[in-house]
Amino acid sequence: MLVAMRQLLDEAAKGGYGVGAFNVNNMEQIQAIMEAARETCSPVIVQASRGARSYAQDRYLYHLMLAAAELYPDLPTVLHQDHGNSYETCKSAIDMGFTSVMMDGSLMPDGKTPSTFEYNVDVTQKVVAAAHAKGVTVEGEIGVLGGIEDGHGAGGTGLEHVTDPEQAAKFVELTGVDALAIAIGTSHGAYKFSHKPDGAVLKMDRLIEIHNRLPKVHLVMHGSSSVPKELQDIINQYGGKLRPTWGVPVEEIQLGIRNGVRKVNVDTDNRLAMTGAIRKVLFETPEKFDPRDYLKPAREAMKQVVAQRMTQFGQAGHAADYQPIPLAVVAARYAAQ
Ligand code: 13P
């Protein structure tokens, strides 16, 4: 069943675990996530960026997700809009049937120019009103991610706009968001850090400060791929050209989860896994040309990464803990608040 993300995150907070939010663009990626969730008995967050929605087309994406919900009725499943850049983007996701939206008002609609606090509050309030009326969850963002490698980010190292705890508190109070993405030095894509990150570049101390200031707020870590060396090596071994790079170590994410992080965004690790598997097949068996010959191993490689993250984030084993609440009931609860 497709459920509101708020319910999953409330349950995760009760259980003290995190939930991976994995990006999709096509059928194989949705299948990989759902199979990993079945294997590990995990609640699921599938997320689609604006780019994914235009690549796959909304109707294909939505019906693939309906198929997933039908095939895996026992897994509470969220369909989330990743990095909505405007009210219109979020509204179209809500109208289509997404059960959660991110309004990233930390940036202007171009997805790279940092906005003002007032703009962010204003646009996020509008999205919250439209979303909550339908029982749909809203994630907001305060502070700005670095990098621009993979859309959405202000460039730089990500240390220029680290989230201020007082501003975060004010933002949550003014907007009523259900979850809050914060900036602690991460960025999207493979090239996050030029060495294993330490406290100078990955501000876990800031995350803990924000959690202490807002202990009840569900925090979201973006740019949380670990970019494992094994996955980089497979790509490079079979003709790829990745420069040496470091992501966010899983133990830092686990520290975050012990300090209020409930949603962990992962895309790049799955891209690396799929691309490595495809390169391997094409390199080792150049005579093959049936897409299933390389898409099947690619799907399997992504499934393994997702299952591993689900276990590491602690969501494994929690799919059957609770009954999904229908969105209309969630909407009525917001209205009564
Ligand atoms: P990665 O590029 O680290 O996987 O981050 C994905 C993300 O944060 C999507 O919003």
Side-chain angles (χ1 to χ4, degrees), residues 5 18-25 29 32-33 36 45-53 55 78-85 89-90 93 98 100-107 111-112 137-155 157-158 161 163 179-194 196-197 201-202 207 218-229 231-232 235 242-243 245-250 252-253 256 261-276 301-302 305-306 308-310 312-313:
M5 189 167 79
V19 183
F22 304 101
N23 289 75
V24 298
N25 305 281
Q29 291 176 312
I33 296 167
I45 302 174
V46 170
Q47 58 185 11
S49 65
R50 268 191 312 144
R53 284 177 61 187
Y55 172 82
V78 171
L79 176 57
H80 174 79
Q81 164 80 56
D82 190 23
H83 288 285
N85 65 322
T89 298
C90 293
F98 279 55
S100 179
V101 293
M102 175 187 194
M103 177 61 233
D104 182 359
S106 74
L107 296 169
K112 46 182 194 256
T137 306
V138 180
E139 172 185 336
E141 174 162 329
I142 192 84
V144 182
L145 298 181
I148 41 167
E149 189 193 331
D150 189 31
H152 286 272
T157 61
H161 306 278
T163 303
L180 183 68
I182 56 170
I184 52 166
T186 68
S187 56
H188 295 138
Y191 300 101
K192 301 180 195 304
F193 305 113
S194 55
K196 187 172 178 200
V201 291
L202 179 61
L207 183 148
H218 303 315
L219 301 180
V220 182
M221 265 175 88
H222 278 251
S224 291
S225 275
S226 302
V227 196
K229 181 150 186 323
L231 295 181
Q232 298 177 42
I235 290 184
L242 294 176
R243 287 178 274 124
T245 178
W246 279 262
V248 182
V250 168
E252 301 289 358
I253 297 170
V261 171
R262 298 296 156 229
K263 175 172 180 273
V264 186
N265 283 17
V266 175
D267 185 5
T268 298
D269 284 353
N270 293 324
R271 294 177 173 195
L272 293 172
M274 290 187 92
T275 299
M302 174 164 164
V305 171
V306 173
Q308 190 185 32
R309 294 290 175 273
M310 286 173 159
Q312 291 164 330
F313 299 162

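Keep in mind that this is a model prediction, so the values were computed, not measured. Every heavy atom of this structure was used, including side-chain atoms; hydrogens, water molecules and symmetry mates were not. Note that ligands are numbered from 1 as they come in the structure, with each ligand's atoms numbered from 1 the same way.
- Within 4.0 Å of ligand 1, heavy atoms belong to protein residues Asn23, Gln47, Asp82, His83, His188, Gly189, Lys192, His222, Gly223, Ser224, Ser225, Asn265, Val266, Asp267, Thr268.
- Using a 4.5 Å heavy-atom threshold, the side chains of Val227 and Gln232 count as touching.
- Residues satisfying the side chain to side chain donor-acceptor pair (under 3.5 Å) criterion with Gln47, sequence neighbours excluded, are Asn23, Lys263.
- Classified by interplanar angle (parallel below 30°, tilted 30° to 60°, perpendicular above 60°), the ring pair His83/His222 is perpendicular.
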**Report entry** Val78 vs Val19, side-chain contact (heavy atoms from CB on, under 4.5 Å): CA-CA, chis, key distance, verdict
**Finding:** CA-CA 11 Å; Val78 171; Val19 183; over 6 Å; no
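- In this structure, the side chain to side chain donor-acceptor pair (under 3.5 Å) partners of Arg309, at least two apart in sequence or on a different chain, are Asp269, Gln312.
- Judged as a side chain to side chain contact (heavy atoms under 4.5 Å, CB included), and not counting sequence neighbours, Ser194 has no contacts.
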